[in-house]
Amino acid sequence: MTATLTKPVAGPRTLEDLLLEKRKFAPSKKFKDSAHANSEVIYKEGANFVKFWKKRAHELTWSKKWKKTLEWKAPFAQWFVGGKLNVSVNCVDRHLTTWRKNKAAIIWEGEPGETRTFTYQQLSREVNRFANGLKSLGAVRGDRVVLYMPMVPELAIAMLACARIGAAHSVVFGGFSAEALRDRINDCQAKILVTADGGYRKGHVIPLKQWADEALQEAPGVKKVIVYKRLSQSNPAAWTEGRDIDWNDLVREQSDFCKAENMDSEDLLYILYTSGTTGKPKGIMHTTGGYLTGAYATTKYVFDIKDEDIHWCTADIGWVTGHSYVVYGPLANGATTLMYEGSPDWPAKDRFWAIIAKYKVTILYTAPTAIRTFMKWGDDLPAKHDMSSLRLLGSVGEPINPEAWMWYRKTIGKERCPIVDTWWQTETGAIMISPLPGVTATKPGSATRPLPGIQAEVVDENGKTVKVGAGYLIIKNPWPAMLRGIYGDQERYKAQYWSRFPGYYFTGDGAKRDKDGYLWLLGRVDDVLKVSGHRLSTMEIESALVDNSKVAEAAVIGKHDDIKENAVFAFVTLKEDVSAAGGNRQAVIDELKAHVVKKIGSIARPDEILFTAELPKTRSGKIMRRLLRDVAEGRALGDTTTLADPNVVKSLKEKYEHLES
Ligand code: WTA
């Protein structure tokens, strides 16, 4: 199932543009002087990666030390073999014996404007009570529990409670549809679902419980549903007696002590579904000791986190960024993490800046799509707020273009804050390529160097190292937070990540290495799309389209978009008896868009749909997506000689140009 790869290109940036980038920013003396890492020594230390990670793992709290740091039977790694620990103990209990007991662990702001703060002591109480609640419903070590929640502190509490009793959680992003939720619940065979009556987004209510109820009609394995009541009583959710339990009723009588399970380092901590190159999302597995070591150490060094910080990662916890940098990384460090429920433009387009000023946020971690959107909204909005508390800025999820990077540096960071452009994936569990803010000089648009302890390289088609130039990004050695496989499908794990360049982990990304050894990420080279930082698969959207009874065939590509990175563009062949002519065209387009939203969620809604009698195919019947991208992006058509009928794509191009004009 090795995917055909597209050649790495830099989107609107040519490789030459990147080579011309001469600007370089060294860390300021002030930043360096107080940073956790402030010299090249740490990179040297990382050369012995096993020793490097062993030292980092020692900073966690283990109930039993491991016997062997790494057991590597490629492509299966075990880290800290024989070691025992519990993630909730590391994120909560160990801070209770220090002054941090009364420090804010989580500060939360709801979209309508409410705020709640949990000290570590308060967090401990809630985690323990909810853990006991889960147990009272029959949850046991080794179970899977699905969490389908808005961005409320109870989501983090539920994650930590699962970790406490040794049940793996699988968080499903609240923007996924009922059907997407159903498939994930069934794939991981969860018996318990934790959800909420709803959440707020752009002033609207997201009806999570209603979607959960729909999902559960075809997920018979779920016996208990815990519902956190986030909305006011005027929005009562439908209730299934005997199955649904109000979160508050569940925890009311529970003791605030629940013994933490003594977990093996390699026990499953969570499963997170992510899109791959097929229609079916993959359940990425992360285990206890290695994942926590990665999340902990990267938070410490990349964000240079300190006790005084207010760390704000704007990602939803439904994505891996939220797992590692809203919840596990900051809490394992005893830091203060800020959670915001809603949208950046509600009630006004300066909400992020208002939050920074209100809570005196010191570290801001967000996505290039957001940065580019803020740029478009103008400099007046950030200028209205006092953001002098900021001391570090981060970027994640897509390549950041140098213009957006410079804007972030000047307008938000006032040229005072280092920027860490952090490259990583759901699969890597933690940041892999990023500057260390007190050590690494940055270049706008480059994620700079692999972190100490990580060996990332650019290779050519044959797996040969590219010293200077473009190619495919691979990782050479195992790392603690690496995925342990795909839930229920280890063959797919091997094929997906370890077969294209034997012996190396293949990331699916293109990258360029410059003569200073700096890495410039160029985006995906497979059928994975990043749309506003959200990860989707072209195949998944195609499957959703052909599921509609009007559709015969569909091909989806990512069309370059200046803000969102990719826009979803679908080429659709309708069944012969279906007409999309004249006034009917828009109605069919609307129906198909709604169908994708129903199958996957609104994040996957196609931006454009173009009907075509035929799709350009090779003689062996393979759809030529590269040519479809040429059509969508208005370029001259590339090589068409392998096509069965070159006229198909020519007339498609004419048709699209005609529609556009
Ligand atoms: C992309 C998100 C360029 C990349 C943490 C990767 C990036 C995919 C960067 C993983 C970055 C992430 N620069 N591209 N700094 N960070 N990506 O699993 O294509 O949602 O393969 O994890 O995002 O997306 P995922």
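Computed from heavy atoms alone, side chains included, the values below leave out hydrogens, waters and symmetry copies. Remember, it's 1-based here, ligands and their atoms both numbered in the order they're listed.
- In this model, a donor atom of one side chain and an acceptor atom of the other lie less than 3.5 Å apart for Asp562 and His560.
- Checked against the 6.0 Å centroid criterion, the rings of Tyr148 and Phe176 do not qualify as a close aromatic pair.
- Comment: Arg391 engages Asp309 in a salt bridge, judged by a side-chain N to carboxylate O separation of less than 4.0 angstrom.
- Using a heavy-atom distance under 4.0 Å as the criterion, the protein contacts of ligand 1 are Val320, Thr321, Val396, Gly397, Glu398, Pro399, Asp421, Thr422, Trp423, Trp424, Gln425, Thr426, Asp509, Leu521, Arg524, Lys530, Arg535.
- Salt bridge annotation for Arg23-Glu415: absent, with no cationic side-chain nitrogen under 4.0 angstrom from a carboxylate oxygen.
- In this structure Arg409 satisfies the side-chain hydrogen bond (donor to acceptor under 3.5 Å, both in side chains) test with no other residue, sequence neighbours excluded.
- A donor and an acceptor atom, one from each side chain of Thr422 and Tyr365, are located under 3.5 Å apart.
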